[in-house]
Visitor: 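Have a look at the structure that comes next, please.
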There are 2 protein chains.
Amino acid sequence: MTNAATVSEAAAGTQSIGRAAAILRFLAASPGHGTALGAVVSETGLSKPTSRRILLALIAAGLVEQDPVSRRYFLGPEACVLGSAAAHRFGLHRLAFEGVLRLARETGDAAFFQIRRNFFAVCLQREDGDYPLRSHVLAAGDRHPLGVGAAGIALVAALPEDDARAVLADNAEIIGARYPMLTRAMIDDTVAEARAKGYSLNRGLLFPGSWGLGMAVRGPHGRHDGCLSLAAVESRMQPEREAELAALLAGEVRRLEQRLREPIHNP
Amino acid sequence: MTNAATVSEAAAGTQSIGRAAAILRFLAASPGHGTALGAVVSETGLSKPTSRRILLALIAAGLVEQDPVSRRYFLGPEACVLGSAAAHRFGLHRLAFEGVLRLARETGDAAFFQIRRNFFAVCLQREDGDYPLRSHVLAAGDRHPLGVGAAGIALVAALPEDDARAVLADNAEIIGARYPMLTRAMIDDTVAEARAKGYSLNRGLLFPGSWGLGMAVRGPHGRHDGCLSLAAVESRMQPEREAELAALLAGEVRRLEQRLREPIHNP
DNA sequence: AAAGCATGATCCATATTGTGGATCGCAGTC
DNA sequence: GACTGCGATCCACAATATGGATCATGCTTT
């Protein structure tokens with residue numbers, strides 16, 4: 001019972017549903033040009049016929065589509081509907097949407113909205129600004145363990161000290177395996193810095209030259225933890241601009257938290 | 001075996017997935033205060049233990065959440081993630097989002113974005129303006145057969161004549177059963193009017209006093225059919241204001257279609 | 001307060017359902 | 001023209017989901 005997810009949530013009942021969900025997650029994380037059957041097979045560890053059967057079922061349900069010529073699989077329109085309805089409930093994303101757009105426009109760099117999901121941060125939205133040098137380390141749908149990346153750091157830093165320690169301990173194994181360039185000391189330092197400054201700064205730890213700046217959004221209920229962040233090439237996050245970006249980010253976070261406090265989200 | 005979940009897509013393989021999808025659709029269509037197990041059972045026709053087992057599996061997958069005290073079920077955060085990724089692929093909603101907001105703000109009434117899904121129009125987004133008299137006939141997640149409501153009419157009117165006839169014929173049964181107040185003649189008249197005017201006007205056919213105005217959005221590929229629409233009380237859609245609203249709607253539709261033509265949606 | 005009712009959670013023997021090794025089919029490539 | 005990689009599909013096997021019946025719980029009734 002060290003960590004769940006990635007190691008499966010086996011257990012209860014109907015497990016084709018769990019498998020289907022895993023496939024959907026994988027499709028969601030894939031870039032725009034679709035996913036091949038083989039990729040699904042090797043990613044999920046399921047057999048080829050099983051993967052295909054599940055995909056067919058998902059297609060019948062409208063949650064997945066298959067391009068008739070390339071034979072690649074995509075998320076389908078029904079997924080769009082689901083997400084839209086869910087977003088309604090999780091008001092955060094709906095409210096954050098415009099803020100992310102504004103951030104991308106005003107800074108010219110890439111802006112993100114991520115939410116916490118178990119021990120991971122999932123990127124729900126990416127918007128690009130018009131500056132031609134862009135970091136493509138993070139895309140919509142990507143999922144990194146808490147503690148990794150600007151958002152992962154900001155989210156950890158926003159937790160009570162004990163919880164933060166627990167989360168990082170739980171994630172240590174995954175991080176060690178998937179991000180060998182990260183040491184626990186680097187993470188702890190960055191978290192400490194984020195606590196002090198009020199925002200996290202990732203100085204190219206994940207990928208050299210790709211810097212990130214993140215600030216957590218805390219809902220009134222404690223849950224609904226989200227994070228706004230920016231990514232840019234190193235030269236665009238030097239101290240003077242860092243301060244400027246942090247101020248913009250702080251402005252959006254404030255606006256968001258204020259709207260979250262308004263009692264009437266769902267008219 | 002008369003109907004399963006609105007006619008069913010029975011057939012292929014792994015059918016727990018189809019059932020799960022039906023449950024998800026139902027949850028998506030439910031209002032904000034969650035869904036009781038009993039409602040799921042009676043809606044889907046599944047047995048109580050089966051429904052519960054599927055719900056448990058969906059909970060394990062993060063697609064559903066259960067409120068521990070009320071025992072009601074909601075869409076979970078993972079659904080949000082999925083939808084966000086799918087929306088990326090279906091650029092339409094992403095692009096439409098702001099337009100719907102603007103429409104709601106500028107008109108003061110309720111604005112909607114709907115997409116065509118098989119023979120149905122699904123409401124992906126609803127934004128309310130600040131006018132205190134509002135129509136709550138249509139909510140996000142709702143699904144009406146094509147031919148019903150302002151959007152359903154606009155979408156049919158946007159089809160080639162033959163397809164439109166085919167769709168209406170296919171939907172006649174459902175419409176007859178679920179919307180007894182609608183006659184085929186009324187639908188045909190409204191469609192004809194929409195073809196002539198370039199937008200549809202629903203004069204309270206679904207619900208007395210609740211008027212709607214819709215205009216289809218056609219993507220460059222023919223697919224991606226969406227629809228922007230407005231709903232208001234009857235007094236707010238009299239001829240002079242109707243023209244004004246139609247102009248606003250047309251402006252947003254034009255903007256949207258133009259952005260759809262830009263080749264680079266996914267940077 | 002106790003009985004009654006409605007709704008959710010759970011058991012467990014049954015058979016329906018999904019499983020995956022092996023096979024076939026189709027492109028693109030050498 | 002044979003090869004290779006990948007997707008689609010068969011089919012005997014057994015693991016899996018199924019649902020009638022039962023128990024648990026919270027809320028209303030008199």
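Here is how names work: the chains are called A, B, and so on, in the same order as the sequence lines, proteins then strands, and each is numbered from 1.
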Visitor: Of A:Gly38 and B:Ser47, whose nearest nucleotide on DNA chain D comes first from the 5' end?
Guide: A:Gly38
Visitor: Any side-chain heavy-atom pair from B:Leu256 and B:Arg218 closer than 4.5 angstrom?
Guide: no
Visitor: Given C:dG20, C:dA9, D:dG19, which nucleotide is nearest the side-chain atoms of B:Thr50?
Guide: D:dG19
Visitor: Tell me the interatomic distance from A:Leu55, atom CG, to D:dG7, atom P, rounded to whole angstroms.
Guide: 11 Å
Visitor: CD1 of B:Ile54 versus C1' of C:dG18: gap in Å, rounded?
Guide: 14 Å
Visitor: Starting at CZ of A:Arg19 and ending at P of C:dT17, how long is that distance when rounded to a whole Å?
Guide: 18 Å
Visitor: With a non-hydrogen cut-off below 4.0 angstrom, is A:Arg72 in contact with a base, only sugar-phosphate, or nothing?
Guide: nothing
Visitor: Between B:Asp163 and B:Arg165, is the closest basic N to carboxylate O distance under 4.0 Å?
Guide: no
Visitor: What one-letter contact string describes nucleotides 22-30 of chain C from 5' to 3', where B marks a base within less than 4.0 Å of any protein heavy atom, S marks contact via sugar-phosphate atoms alone, and - marks no contact?
Guide: ---------
Visitor: Could you tell me which residues satisfy side-chain hydrogen bond (donor to acceptor under 3.5 Å, both in side chains) with B:Ser47, sequence neighbours excluded, listed by chain and number?
Guide: B:Thr50
Visitor: Output the rounded distance in Å from CG (B:Asp67) to P (C:dA9).
Guide: 11 Å
Visitor: As a test of reading the structure: which of C:dT19, D:dG7, C:dG18 is closest to the side chain of B:Ser16, going by heavy atoms?
Guide: C:dG18
Visitor: Please tell me if A:Arg71 has a side-chain N or O lying less than 4.0 Å from either OP1 or OP2 of D:dC6.
Guide: no
Visitor: From CG of B:Leu56 over to P of D:dT18, roughly how many Å is that when rounded to an integer?
Guide: 13 Å
Visitor: Considering only C:dG8, C:dG18, D:dG19, which nucleotide approaches the side chain of A:Arg53 most closely?
Guide: C:dG18
Visitor: Starting at CD1 of B:Ile17 and ending at P of C:dG18, how long is that distance when rounded to a whole Å?
Guide: 8 Å
Visitor: Ignoring backbone atoms, establish whether A:Tyr73 has a side-chain N or O less than 4.0 Å from OP1 or OP2 of D:dA8.
Guide: yes
Visitor: Measure from the side chain of A:Leu37, starting at C-beta and using heavy atoms only, and say which of D:dG7, D:dG19, C:dG8 lies closest.
Guide: D:dG7
Visitor: Angle between the two end axes of the helix from C:dA1-D:dT30 to C:dC30-D:dG1, five base pairs per end, rounded to 10 degrees?
Guide: 40°
Visitor: Taking the side chain as everything from C-beta on, heavy atoms only, tell me whether A:Arg25 gets closer than 4.5 Å to A:Arg143.
Guide: yes
Visitor: For C:dG8, take OP1 and OP2 only and decide whether either is under 4.0 Å from a side-chain N or O of B:Gln66.
Guide: no
Visitor: Which nucleotide in the set C:dT19, C:dG8, C:dT10 lies at the smallest distance from any side-chain heavy atom of B:Arg52?
Guide: C:dT10
